[in-house]
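The structure displayed is predicted, hence computed values, not measured ones. Heavy-atom basis, side chains included; hydrogens, waters and symmetry copies ignored.
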Amino acid sequence: MVKHTYTPVTAAVGVENVLRLLEGRWKLVILFHLFGGQVRRYSDLEKLIPTISQKMLAQQLRQLEGDGIVLRHVYPQVPPKVEYRLSAWGQALCPALDALLTWAEQREHLSAPAQDAADVG
C-alpha cells in the first residue's frame, strides 16, 4: 500500500471526501452494528435502530453499499432474505472509529484546563 504525503490542502480534501462517505445521521450507527464481522438482516437493523425510518435505513444502506463499505447479499427465496455485512474496507474503518470514541472521551479531562486558562485571561 502506498502511503500518501499530504499537504494541508490535500489533507483537507481527503478529509472532506471521507466525511462525504460517512455523512448522514445513521451511517455510523449502522456501521457499529456491523463491526466485528456481524451479519445482519434488514429486519435486525430495524430492531437495533428503532428510531430510524424504513426509508432512511434503506437509503443509508444503499449509499454504504454503493461506496463499497457494506456488502449486500440477497438469497433467492420467497420471501426475500437480504443480509448486510461490512466489506474488508468497511471493517478496516473500525480502528479509526474506536480512535474517535477515545478522543471524545478525553473531552472532559482535556477541556477543563483550557476553560480554566480562558477564565484567567
Query - Contacts of type ring pair (Phe, Tyr, Trp, His ring centres under 6.0 Å), residue Tyr42, not counting sequence neighbours - result: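 By the ring pair (Phe, Tyr, Trp, His ring centres under 6.0 Å) rule, Tyr42 matches no residue at all.
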Closest heavy-atom contact between [X] and [Y]?
X: Gly68; Y: Ser87; value: O-OG, 2.6 Å
X: Arg25; Y: Gln60; value: N-OE1, 4.0 Å
X: Ala92; Y: Pro95; value: O-CD, 3.2 Å
X: Gln91; Y: Leu34; value: OE1-O, 4.0 Å

Between [atom1] of [X] and [atom2] of [Y], what distance do you get to the nearest 0.5 Å?
X: Lys47; Y: Arg41; atom1: NZ; atom2: CZ; value: 8.5 Å
X: Lys55; Y: Leu57; atom1: NZ; atom2: CG; value: 13.0 Å
X: Ile30; Y: Leu45; atom1: CD1; atom2: CG; value: 6.5 Å

**Report entry** Non-hydrogen side-chain atoms of Val70 and Leu86 separated by less than 4.5 Å
**Finding:** yes
Requested in this report: Report yes if the side chains of Val29 and Ile52 come closer than 4.5 Å at any heavy-atom pair, otherwise no.
Outcome: no
Report task. Given side-chain contact (heavy atoms from CB on, under 4.5 Å), test Asp98 with Phe35 step by step and report yes or no. Result -> CA-CA 11 Å; Asp98 282 344; Phe35 280 138; over 6 Å; no
Common cluster, [X]/[Y], ILVMFWY with side-chain heavy-atom separation under 4.5 Å:
X: Val39; Y: Ile49; result: no
X: Met56; Y: Leu48; result: yes
X: Leu100; Y: Leu19; result: no
X: Tyr6; Y: Val15; result: no
X: Leu101; Y: Trp26; result: yes

Query raised in the report: Of the options Asp67, Leu93, Leu64, which is the one that meets Leu21 in a side chain to side chain contact (heavy atoms under 4.5 Å, CB included)?
Result: Asp67
Query raised in the report: Taking Leu71 as the fixed residue, which of Glu83, Arg85, Glu65 is the one that meets the side chain to side chain contact (heavy atoms under 4.5 Å, CB included) rule?
Result: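 The residue from Glu83, Arg85, Glu65 that satisfies side chain to side chain contact (heavy atoms under 4.5 Å, CB included) with Leu71 turns out to be Arg85.
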Query raised in the report: Are the charged groups of Lys27 and Glu23 less than 4.0 angstrom apart, N to O?
Result: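 Here Lys27 does not pair with Glu23 in a salt bridge, since their nearest N and O are not under 4.0 Å apart.
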Query raised in the report: Is it true that a side-chain atom of Arg40 and a backbone atom of His33 form a donor plus acceptor pair closer than 3.5 Å?
Result: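 Confirmed, Arg40 side chain pairs with His33 backbone.
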